[in-house]
Amino acid sequence: MGPAARAPRGPVDPGLLRLIPELRRHLMVVSTAAVVISVAVVSQAEVLARGIAALVGASDDGPDVAQMITALAVVAGVRAAIAWTIERAAAVTMEGARRRIRTAVIDHAVAGGDRTTAGLSSREATVATAGVDQMEPYVRQYVPAMAQAVALPLVAGARIALADWVSAAIVIVTVPLIPIFMILIGKLTERRATRSWAVLQRLGGHFLDVLEGLPTLRLFGRAGAQARSVRGVSEAYRATTMRTLRVAMLSALALELLATLSVAVIAVAIGLRLLAGGLTLATGLVVLLLAPECYLPLRRVGARYRAAPTG
């Protein structure tokens, strides 16, 4: 572990993959799960669209409600099983991450000093304690969201293209706008998160030094001054964290607004062509149900982006 923090290299740091084999398995699990979830979402939209179209239509036979309910129950069961699998894989990954990273930090400190707390620098102590815990949102939320952001828009977009090329064209034009906004806002969020991490490191080192020197400080009557200094650093960390959260919430609002407007444009186009008779109800419903799914994973990634630089 070098003294300087390395620049982030994409959503998944190769150094983490080498250090934590469980993370590689977690990536394989969430990638496979993302494909299965994408197929399940498309299947659910197909079943709902056909069932609603049959209910609204003037067919004498009517839809087979039992089959529709059974199909929806199967899809819901598959999605629940996939969600449980992802959570289980995340728990195993975090258990391995805590064990391996803390072992590596302690071994590094022991190699350069004795087996005491004094052998740990403030950076190493922060990484081994709060730093490892801050990986959990990254593993549980950000990594699965990234996998779904790749798989679901591709699968849902392909089905939309087969059903209606006009809606597919709108999706192709508007979906790239979300990553562009994510990059612009994400750079600001990353700078704020890096600043917050630096303040946390300073706070951890200062607190460790105060604890080690507390008997001497009390002897010379300086304990109160150091307590005020710790409170000052804590307040700086709180203010930095709150500024980071404000930027993250504003970015989530911008992404939500962009995605909502894009789906509204698609809905208006579908409604006009349904009135003109240029589109069947079943096709329009399939497109309308799948269009939000092209934007939802990207919005989740944007909302959870803060977990990436922190993790």
Side-chain angles (χ1 to χ4, degrees), residues 8-13 27 30-31 33-42 44-45 79 82-83 86 137-194 243-271 284-311:
R9 290 186 267 177
V12 181
D13 191 336
L27 285 173
V30 298
S31 300
V35 175
V36 176
I37 288 176
S38 302
V39 175
V41 167
V42 173
Q44 178 178 292
R79 297 184 69 170
I82 290 297
I86 293 174
Y138 170 77
V139 171
R140 288 186 181 274
Q141 300 175 9
Y142 184 75
V143 173
M146 278 295 300
Q148 292 185 29
V150 174
L152 188 51
L154 289 177
V155 175
R159 180 64 187 93
I160 291 174
L162 292 175
D164 179 29
W165 68 268
V166 175
S167 299
I170 298 174
V171 170
I172 291 173
V173 171
T174 55
V175 162
L177 295 177
I178 294 182
I180 291 174
F181 275 90
M182 283 170 53
I183 292 172
L184 295 176
I185 302 174
K187 288 185 179 298
L188 177 60
T189 306
E190 185 174 353
R191 286 197 298 268
R192 295 290 180 88
T194 302
R243 284 196 295 269
T244 304
L245 290 175
R246 280 198 296 269
V247 172
M249 292 198 314
L250 287 175
S251 66
L253 177 61
L255 296 177
E256 289 283 343
L257 182 60
L258 178 60
T260 302
L261 291 176
S262 301
V263 174
V265 171
I266 295 174
V268 170
I270 290 174
L285 287 173
V286 167
V287 174
L288 198 57
L289 288 171
L290 290 178
E293 301 294 343
C294 294
Y295 303 94
L296 181 60
L298 297 173
R299 287 152 54 193
R300 285 175 180 162
V301 171
R304 295 166 180 170
Y305 178 77
R306 185 177 179 273
T310 304

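Tested against D164, the residues V287, I266, I170, V286 include a single side chain to side chain contact (heavy atoms under 4.5 Å, CB included) partner, V287.
In this structure, E293 CD and Q44 CD are separated by 7.5 Å, a value rounded to the nearest 0.5 Å. Separating the CD1 atom in I37 from the CD1 atom in I86 is a distance of 4.5 Å, to the nearest 0.5 Å. A distance of 11.0 Å separates CD of Q148 from CG of L298, quoted to the nearest 0.5 Å. Expressed to the nearest 0.5 Å, how far OG1 of T174 lies from CG of L258 amounts to 7.0 Å.
Listed here is the closest heavy atom pair of V30 and A147: O-CB, 3.6 Å. Of all heavy-atom pairs between A45 and L289, the closest is O-CD1, 3.7 Å. Residues A33 and I82 come closest through the heavy atom pair CB-CG2, 3.4 Å. What you find for A156 and C294 is that their closest heavy atoms are CB-SG, 3.8 Å. Considering every non-hydrogen atom in both A34 and S38, the closest pair reads O-OG, 2.7 Å. Considering all non-hydrogen atoms of both residues, V42 and L290 come closest at CA-CD2, 3.9 Å.
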(message) side chain to side chain contact (heavy atoms under 4.5 Å, CB included), that's the test. Do Y295 and V171 meet it? Break it down for me.
(response) CA-CA 9 Å; Y295 303 94; V171 170; 4.1 Å; yes
